[in-house]
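Here is the structure we will look at.
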Amino acid sequence: MILFTGGGKIAEAYKKKYNIKIISARNSSEKKLRTEIKNANVIFHNAALISSENKEYLYNGNVLLTIKLINICQEVNKNIRFIFFSSMSFLDNDSSYLPLNKMSNYAYSKYLAEKTCLNSNLKNITSLRFSTIFYKDQNRDGISRLIYDAIKKKEITIYNNGIATRDIIPINV
């Protein structure tokens with residue numbers, strides 16, 4: 001069984017192609033988490049808090065939840081394939097991290113969660129960082145927003161003098 005720890009567009013797209021189970025890692029009891037993780041072959045840890053300036057809220061929701069899931073995996077299913085949905089928000093460039101004092105609260109919480117995963121005793125763990133996902137939804141991704149603004153508002157906003165590049169991954173991929 002493939003288990004997602006939260007809903008969202010990626011889980012929905014995955015569900016169209018594969019037989020998966022989506023639970024709320026944040027709102028499920030420990031007993032339920034243990035049962036679901038014990039019965040899973042793969043866990044996609046995609047539950048994350050994104051929007052908040054409250055450090056404690058982000059730490060609890062992103063770091064402590066990740067620690068809890070890793071601990072349960074180590075206890076009930078240590079051979080599970082654990083895939084952590086990380087972030088590129090804490091990177092300075094393709095080969096180095098931002099200085100800690102330059103990270104947003106969100107970036108710092110995701111950085112700590114990723115380090116927690118990679119330093120755990122789980123053998124089959126992957127940290128997955130997405131560049132730009134194309135959702136076909138102007139409220140979810142920058143490419144869709146550019147297209148929407150060009151068609152509806154007849155305007156395009158260029159950032160960083162147009163020098164930035166992105167690898168685009170369509171949501172269905």
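Every residue two or more places apart in sequence or in another chain that forms a side-chain contact (heavy atoms from CB on, under 4.5 Å) with I67 is listed here: V63, L64, N71, T116. By the ring-ring contact (aromatic ring centres under 6.0 Å, His included) test, Y59 pairs with no residue at all, sequence neighbours left out.
Within a 6.0 Å radius of NZ in K38, no more than 12 heavy atoms belonging to other residues, nucleotides or ligands are found. Annotation for E53: atom CD does not count as buried by contact number, only 12 or fewer foreign heavy atoms lying within 6.0 Å. Within a 6.0 Å sphere centred on CG of N119, heavy atoms belonging to other residues, nucleotides or ligands number more than 12.
For the residue pair A11 and I20, the shortest heavy atom distance occurs at O-CD1, 3.5 Å. Between S28 and K32, the closest heavy-atom pair is OG-CD, 3.8 Å. Between N46 and G7, the shortest heavy-atom contact is ND2-O, 3.1 Å. Of all heavy-atom pairs between R129 and S86, the closest is CG-CB, 3.8 Å. Residues S120 and C117 approach most closely at OG-O, 2.8 Å, considering heavy atoms.
A donor-acceptor distance shorter than 3.5 angstrom exists from the side chain of K154 to the backbone of I151, with no hydrogens or angles considered. No donor-acceptor distance shorter than 3.5 angstrom exists from the side chain of N105 to the backbone of N54, with no hydrogens or angles considered. Looking only at distances, no side-chain donor or acceptor of N121 sits under 3.5 Å from a matching main-chain atom of Q74. N62 contributes no side-chain N or O that, together with a main-chain N or O of A48, makes up a donor-acceptor pair within less than 3.5 Å.
Under a hydrophobic clustering in which Ile, Leu, Val, Met, Phe, Trp and Tyr are joined whenever their side-chain heavy atoms come within less than 4.5 Å, directly or via other members, Y108 and L49 fall into different clusters. Placement of Y106 and Y97 in two distinct hydrophobic clusters is found when ILVMFWY residues are connected by side-chain heavy-atom separations under 4.5 Å, directly or transitively. Cluster membership check: I83 does not share its hydrophobic cluster with M1, using side-chain heavy-atom separations under 4.5 Å among Ile, Leu, Val, Met, Phe, Trp and Tyr. Note: the hydrophobic cluster containing M88 also contains L98 (ILVMFWY, side chain heavy atoms under 4.5 Å, direct or indirect links). L128 and I2 fall within the same hydrophobic cluster, defined by Ile, Leu, Val, Met, Phe, Trp and Tyr side-chain heavy atoms under 4.5 Å apart, directly or through other members.
Here K15 contributes atom NZ and K21 contributes atom NZ; the two are 10.0 Å apart, rounded to the nearest 0.5 Å. The SG atom of C73 lies 14.0 Å from the NZ atom of K123; values are rounded to the nearest 0.5 Å. Distance check, rounded to the nearest 0.5 Å: NZ of K110 to OG1 of T66 gives 6.5 Å. From R34, atom CZ reaches atom CD of E75 across 4.5 Å, with rounding to the nearest 0.5 Å. Atom OG in S127 sits 10.5 Å away from atom NE2 in H45 (nearest 0.5 Å).
Between F85 and T5, the closest side-chain pair of non-hydrogen atoms is not below 4.5 Å. Residues F44 and I10 fail the side-chain proximity criterion, which asks for heavy atoms closer than 4.5 Å. Annotation: side chain of R81 is in contact with side chain of T126 (closest heavy-atom distance under 4.5 Å).
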With side-chain contact (heavy atoms from CB on, under 4.5 Å) as the test, would you mind laying out the steps for F90 and E114 before giving the verdict? CA-CA 10 Å; F90 52 75; E114 179 177 322; 2.9 Å; yes

Let me see the working for E30 and K68 under side-chain contact (heavy atoms from CB on, under 4.5 Å), right down to the final yes or no. CA-CA 9 Å; E30 178 132 355; K68 179 179 182 176; 3.7 Å; yes

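In this structure, K16 does not pair ionically with E12, as no charged nitrogen and carboxylate oxygen lie closer than 4.0 Å.
Residue L65 belongs to a hydrophobic cluster whose other members are L3, I23, L33, I37, I43, L69, I70, I72, V76, I80, F82, F84, L122, I125, with links defined by side-chain heavy atoms closer than 4.5 Å.
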